[in-house]
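Here is the structure we will look at.
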Amino acid sequence: MDHVDDALIERVREVVASIPAGRVLAYGDVAELAGAPSPRLVGRILAVDGHDVPWHRVLRSDGTVAAHLATDQLARLRAEGVLADGQRIDMRRYRWTDPFPEPGDDQPALW
DNA sequence: CAGATGACGCCGA
DNA sequence: CTCGGCGCCATCT
């Protein structure tokens, strides 16, 4: 029961580690940036080897989080200023879409 | 080998 | 907007 390619695991971990505090990404976003074949793999990788990276900044594209993680994950995000409306995060506001922002092209205002 | 299961995503009703 | 169903990849029964 070995796992996914070590190279892929490393890439996923790097992408997750590069997410700034106060911003989040969807599993699908991480999959694209890391070149993972599917978002499901990202979840699996984080479950096994995500303990030492900011895994709480990765959630579903609709802003919800898995039930068994909700309490911890939402608390961690809240501590960074990512507020949830009940069980749901407002992705429009916190989603981090540009890992390498162009100079002068800032993130959308956090109103 | 076939079916079920997840830290998911998208589309149609 | 919510719900259900199907596709997705790798692993487990």
(request) Kindly point out which of C:dA10, B:dG9, B:dA7 is positioned nearest to the side chain of A:Val4? (result) C:dA10
(request) Grab the CG-P distance between A:Asp29 and B:dC10 for me, whole Å please. (result) 9 Å
(request) Can you tell me the distance, in whole Å, between the CG atom of A:Leu41 and the P atom of C:dA10? (result) 5 Å
(request) Under 4.0 Å between any heavy atoms, over every strand shown, what does A:Ala36 touch: base, sugar-phosphate, or nothing? Just pick one. (result) nothing
(request) Identify whether the distance between the nearest side-chain nitrogen and carboxylate oxygen of A:Arg23 and A:Glu80 falls below 4.0 Å. (result) no
(request) Tell me whether the OP1 or OP2 atom of B:dC10 has a side-chain N or O from A:Ser61 closer than 4.0 Å. (result) yes
(request) Write down the atom of A:Gln73, the atom of A:Leu59, and the distance for their closest heavy-atom approach. (result) NE2-CB, 4.2 Å
(request) Can you sort out which residues in residues 66-75 of chain A have a heavy atom within less than 4.0 Å of DNA chain B? Ascending by number, please. (result) A:Ala66, A:His68, A:Leu69
(request) Using atom CD1 of A:Ile45 as one end and atom P of C:dA10 as the other, report the distance to the nearest whole Å. (result) 10 Å
(message) Rounded to whole Å, please give me the gap between OH in A:Tyr27 and C1' in C:dC9.
(response) 16 Å
(request) Please determine if A:Arg95 and A:Asp90 form a salt bridge, counting it only when a charged side-chain N lies under 4.0 Å from a carboxylate O. (result) no
(message) Between A:Asp62 and A:Arg60, does any side-chain N to carboxylate O distance fall below 4.0 Å?
(response) no
(request) Side chain of A:Trp55 only, please: which of C:dC9, C:dT2, B:dA7 is the nearest? (result) B:dA7
(request) Name all residues meeting the salt bridge (charged side-chain N to carboxylate O under 4.0 Å, His left out) criterion together with A:Glu14; count only those two or more places apart in sequence or in a different chain, and write none if there are none. (result) none
(request) Determine the interatomic distance between P on C:dT2 and the same-named atom on B:dA7; round to the nearest Å. (result) 23 Å
(message) What's the closest nucleotide to the side chain of A:Ala47 if the choices are C:dT2, C:dT11, B:dA7?
(response) B:dA7
(request) Grab the CD1-C1' distance between A:Ile9 and B:dA7 for me, whole Å please. (result) 15 Å
(message) Looking at every heavy atom in both A:Leu74 and A:Ala84, which two are closest together, and how far apart are they?
(response) CD2-CB, 4.0 Å
(message) Heavy atoms from C-beta onward define the side chain here; which of C:dA10, B:dG9, C:dT2 lies closest to that of A:Arg88?
(response) C:dT2
(message) In this structure, how many angstroms lie between the P atom of B:dG6 and the CZ atom of A:Arg60, rounded?
(response) 12 Å
(request) Take the protein atom CG of A:Leu59 and the nucleotide atom P of B:dG6, then report the distance between them rounded to whole Å. (result) 20 Å
(request) Would you mind reading off the distance between A:Met91 atom CE and B:dC10 atom P, rounded to a whole angstrom? (result) 11 Å
(request) Taking all non-hydrogen atoms of both residues into account, name the closest pair between A:Leu83 and A:Tyr94 and its distance. (result) N-OH, 3.3 Å
